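One structure is given here, and the rest of the page talks about it.
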Amino acid sequence: MPPREAVKLQRILAEQVELRRIAEDFAVLGASDISYMKPVDRLVAVVLTFHWPSLEPLESVHAVSPIGFPYVPGLLSFREIPPLLMAYRLLKRAPDVFLCDGQGIAHPRRLGLASHLGLCLDIPTIGCAKSRLCGEHRPLELRRGNYAPLLLNDVQVGYVFCSRNGVKPIYISPGHLADLDSSRKLIERCLGRFRIPQPLRQAHLEATRIRKSLFAGSG
DNA sequence: GCGACAG
DNA sequence: ATCTTGTCGC
């Protein structure tokens, strides 16, 4: 799909996104990440699930596939969703809420990776990015737990959140079937001793581990 | 035209 | 995202 068409599709899909409070009594939390094999044209998509709220590991699945779309800021979902869905289908039990490594509605057309994936899976999704794509916010004092609204055209689309003292903040935004406060609160309950929420950190480590084991094997 | 720009 | 060594700090 040409980038031009992708943008048109985003505008249509963004209309379908629903923001609502996340139920507090769900049982399975999912999280995903992707690791790229630079020299070769392949990537590893990992999906992990955890019991909620204990965060005890449940399932771990992954898929390896060719990279089918270039990296274009604003069009990340078209590059990562296909492989993520491949891995997702391998799960025995579907998660009730899903964490994504990227933005939700904190996106130029309000359809970041988390929002797009949420529409595909029809489950609540939350975007948690390590850096900003768009939007502005007031200065944030870097004390763990502090946060500030992320605004886009004077409308709040997420939160800039400090997960560790003196460390660069993370960007939290609802994807689909989630709202601003539900998203921030859920991420807070996933924090461990690192900047990145535990489920996403685990997914990242697992994706990197698998990519390296694949390089050692064939190529 | 220039700067910004998830992973 | 990936490519990479040492290095500063809790």
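To find a chain, count down the sequence lines: A is the first, B the second, and so on, and within it residues start at 1. Any value given below was found using the heavy atoms of this structure, including those in side chains, with hydrogens, waters and symmetry copies removed. None of these values were measured; they are calculated from a predicted model.
Distance F78(A) CZ to dA1(C) P: 21 Å, rounded to the nearest Å. For the pair R109(A) CZ and dA6(B) C1', the interatomic distance rounds to 12 Å; values are reported in whole Å. Going from atom CZ of R79(A) over to atom C1' of dG7(B) covers 7 Å, rounded to whole Å. If you take NZ of K168(A) and P of dA6(B), they are 10 Å apart, rounded to a whole angstrom. Here dA6(B) presents its C1' atom at 16 Å from CZ of R110(A), a figure rounded to the nearest Å. The distance between atom NE2 of H137(A) and atom P of dA6(B), rounded to the nearest whole Å, is 14 Å. Atom-to-atom, CE of M37(A) to P of dG7(B) comes out at 21 Å; the value is rounded to the nearest Å. Counting to the nearest Å, the C1' atom of dG7(B) and the CD1 atom of I81(A) are 13 Å from each other.
Residue Y71(A) and nucleotide dG7(B) are classified as a stacked aromatic pair, their ring centres being separated by less than 5.5 Å at an interplanar angle below 30°.
OP1 or OP2 of dC5(B) lies within a sub-4.0 Å distance of a side-chain N or O belonging to R132(A). At the phosphate of dG7(B), OP1 or OP2 sits under 4.0 Å from a side-chain N or O atom of K130(A). At dG7(B), one or more side-chain N or O atoms of S131(A) fall inside 4.0 Å of OP1 or OP2 (strictly under the cut-off). Residue S35(A) places at least one side-chain N or O closer than 4.0 Å to OP1 or OP2 of dT2(C).
Counting any heavy atom pair closer than 4.0 Å across all strands shown, G74(A) reaches a base atom. Nucleic acid contact class of L84(A) (heavy atoms, under 4.0 Å, all strands): none. Note on H116(A): nothing from the nucleic acid sits closer than 4.0 angstrom, heavy atoms only. Using a 4.0 Å heavy-atom cutoff across all strands shown, R211(A) reaches sugar-phosphate atoms only and no base atom.
Counting heavy atoms of neighbouring residues, nucleotides and ligands inside a 6.0 Å radius, atom CZ of R144(A) exceeds 12 of them.
Between E206(A) and R209(A) there is a salt bridge, with a side-chain nitrogen of the basic residue lying less than 4.0 Å from a carboxylate oxygen of the acidic one. One finds a salt bridge joining R20(A) and E18(A) here, because a Lys/Arg side-chain nitrogen approaches an Asp/Glu carboxylate oxygen to under 4.0 Å.
Side-chain proximity of K38(A) to dT2(C), dA6(B), dG7(B): nearest is dT2(C).
Considering only heavy atoms from C-beta on, R89(A) comes within 4.5 Å of L85(A) through its side chain.
Cation-pi geometry between R42(A) and Y36(A) is not met at under 6.0 angstrom from the ring centre and within 45 degrees of the axis.
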